[in-house]
A.B. asks: 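Can you keep this structure in mind? I'll have questions shortly.
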Amino acid sequence: RNFMADSMGLAEKWPEGGPKKLWERDLGDGYSTIVADDGLLYTMYRVGEDEFSVALDAKSGKTIWEHKHPSPSTEVMNQFGPGPHTTPTVDGVFVYTIGTNGMLNAFEKKSGAVLWSHDLVKEYNGFVPDRGYGSSPIVYKDTLIVVVDRPREDEDAKPKEGEPKKNTAGGISEAQSIVAFNKKSGDPMWTSQDLPVGYASPVLIKFDGQDQLVFVLQKDFIALNAGTGELLWRHELKPEGANITTPVFDGKDTFFVSSAYDSGSRAIKLTRKDGRIVPEELWYSRKMRVHHGNVIRLDDYVYGSSGDFGPAFFMAINLKTGETAWRERGFTKANCVHADGKLILLDEDGQLALVTVDPKGMKILSQAKVAERNAWAAPTLVDKTLYVRDRKKIMALDLSAASG
């Protein structure tokens with residue numbers, strides 16, 4: 001989940017009209033990113049009040065299988081597009097998807113057979129966020145881990161001390177903002193925390209020899225023991241913002257976390273003191289506010305698109321100090337993927353660009369308009385083929401040196 005691909009031999013420059021298009025087809029509304037595995041592409045889309053989990057042939061775009069599930073939208077969801085927003089997770093013979101309204105499905109990846117499912121809202125007294133469910137599932141060993149947003153209770157409605165809270169199905173719901181299922185059977189394994197969650201997807205890291213699941217929630221940055229769900233550390237995020245983007249880890253001890261609106265960016269360093277892990281905020285800055293895009297870390301710098309409802313800047317910031325290295329106009333809010341020493345950048349207006357970045361600045365090698373607004377899904381690079389989608393179409397582009 002760091003948006004780094006190991007592809008080599010990419011073109012240094014594209015033809016004037018952009019990279020060669022291998023195929024293009026209509027798909028449907030949605031912001032779900034494309035995942036590739038064993039010749040198939042997995043993503044999600046919407047038609048009317050139904051959502052689809054779909055597998056496509058990577059070479060042609062032809063539908064191999066798809067599964068329809070009802071997903072009513074609201075006026076707020078429809079303001080910028082009702083989703084789906086999450087990205088499928090592939091593991092072994094399984095593919096897992098979560099719809100806008102919290103329907104979790106596990107499929108056999110080749111046939112599309114539904115192996116198990118959970119309605120996270122009904123079963124866990126969950127709450128559908130205003131814009132719909134946004135956090136993608138993650139696998140750790142034999143478990144699939146998801147977040148479940150929780151309605152905030154009024155003080156008068158809270159149970160008395162010592163009385164367990166009840167969910168709408170009559171069961172206990174004490175600490176289940178994060179739920180782990182057996183990835184093969186769908187049986188619940190453990191639950192953890194009672195905190196309002198956000199839209200960001202969790203990441204798996206190793207710190208001081210320990211596997212940790214790290215979550216950017218609505219108000220908190222936390223880590224759990226990946227095997228048991230035990231809380232390892234917690235850092236309150238102040239001021240609170242729109243926590244959508246995936247946190248970035250430097251591989252050693254420091255995180256980059258960014259939010260839009262009233263918040264900003266910060267670096268959080270982990271240290272072990274007196275037998276426990278302590279998160280320390282190294283710096284905080286409002287100069288970079290990542291909305292629903294991603295960031296790329298290269299050495300001690302992070303690169304990404306900053307901006308919410310105002311102008312967007314593509315910029316670089318020093319992870320260690322929080323100092324801005326540079327800011328460039330020219331692109332609307334963007335996502336990117338890194339490979340072969342270059343960034344492949346897709347902005348929300350459908351402009352695709354090939355650029356190089358370093359702490360001194362950004363150089364544009366090629367750019368072309370390939371998609372329509374809103375192109376909010378990050379591009380997916382597999383070897384030398386780039387998969388791009390907007391709210392209507394999905395396409396495959398040849399980024400090889402021969403094509404260029």
A.B. asks: Consider side-chain contact (heavy atoms from CB on, under 4.5 Å). Of Thr86, Asp29, Val54, which one does Met44 pass it with?
C.D. replies: Thr86
A.B. asks: Looking only at the aromatic ring of each residue, does the gap between the centers of Phe207 and Phe249 stay below 6.0 angstrom?
C.D. replies: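 For Phe249 and Phe207, the ring centres are not under 6.0 Å apart.
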A.B. asks: Can you find a heavy atom in the side chain of Pro202 that is under 4.5 Å from one in the side chain of Arg1?
C.D. replies: yes
A.B. asks: Is it true that Lys62 and Asp57 have a side-chain N and a carboxylate O under 4.0 angstrom from each other?
C.D. replies: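 Here Lys62 does not pair with Asp57 in a salt bridge, since their nearest N and O are not under 4.0 Å apart.
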A.B. asks: Taking the inter-plane angle between the rings of Tyr45 and Phe52 on a 0 to 90° scale, is it parallel (under 30°), tilted (30 to 60°) or perpendicular (over 60°)?
C.D. replies: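 Rings of Tyr45 and Phe52: parallel, as their planes differ by under 30°.
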A.B. asks: Between Asp308 and Arg289, is there a salt bridge with N-O shorter than 4.0 Å?
C.D. replies: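 Salt bridge: yes.
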A.B. asks: Just wondering, more than 12 heavy atoms not from Lys393 lying within 6.0 Å of its NZ?
C.D. replies: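 More than 12 within 6.0 Å, yes.
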A.B. asks: Charged N to carboxylate O under 4.0 angstrom, Asp358 versus Lys360?
C.D. replies: no
A.B. asks: Between Arg272 and Asp274 (side chain of the first, backbone of the second, donor and acceptor by atom type, cut-off under 3.5 Å), is there such a pair?
C.D. replies: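 Here the side-chain-to-backbone pair does not exist.
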A.B. asks: Between Trp116 and His118, is the gap from one ring center to the other below 6.0 Å?
C.D. replies: yes
A.B. asks: Is the shortest distance from a Lys or Arg side-chain nitrogen in Lys320 or Asp250 to a carboxylate oxygen in the other one below 4.0 Å?
C.D. replies: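 Judged by the 4.0 Å cut-off on N to carboxylate O distance, Lys320 and Asp250 do form a salt bridge.
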A.B. asks: Using the six-membered ring wherever Trp is involved, compare the ring planes of Phe107 and Trp65 and label them parallel, tilted or perpendicular (cut-offs 30° and 60°).
C.D. replies: tilted
A.B. asks: Counting only heavy atoms from other residues, nucleotides and ligands, does the tally under 6.0 Å from CD of Glu75 exceed 12?
C.D. replies: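 At most 12 heavy atoms, drawn from other residues, nucleotides or ligands, come within 6.0 Å of this atom.
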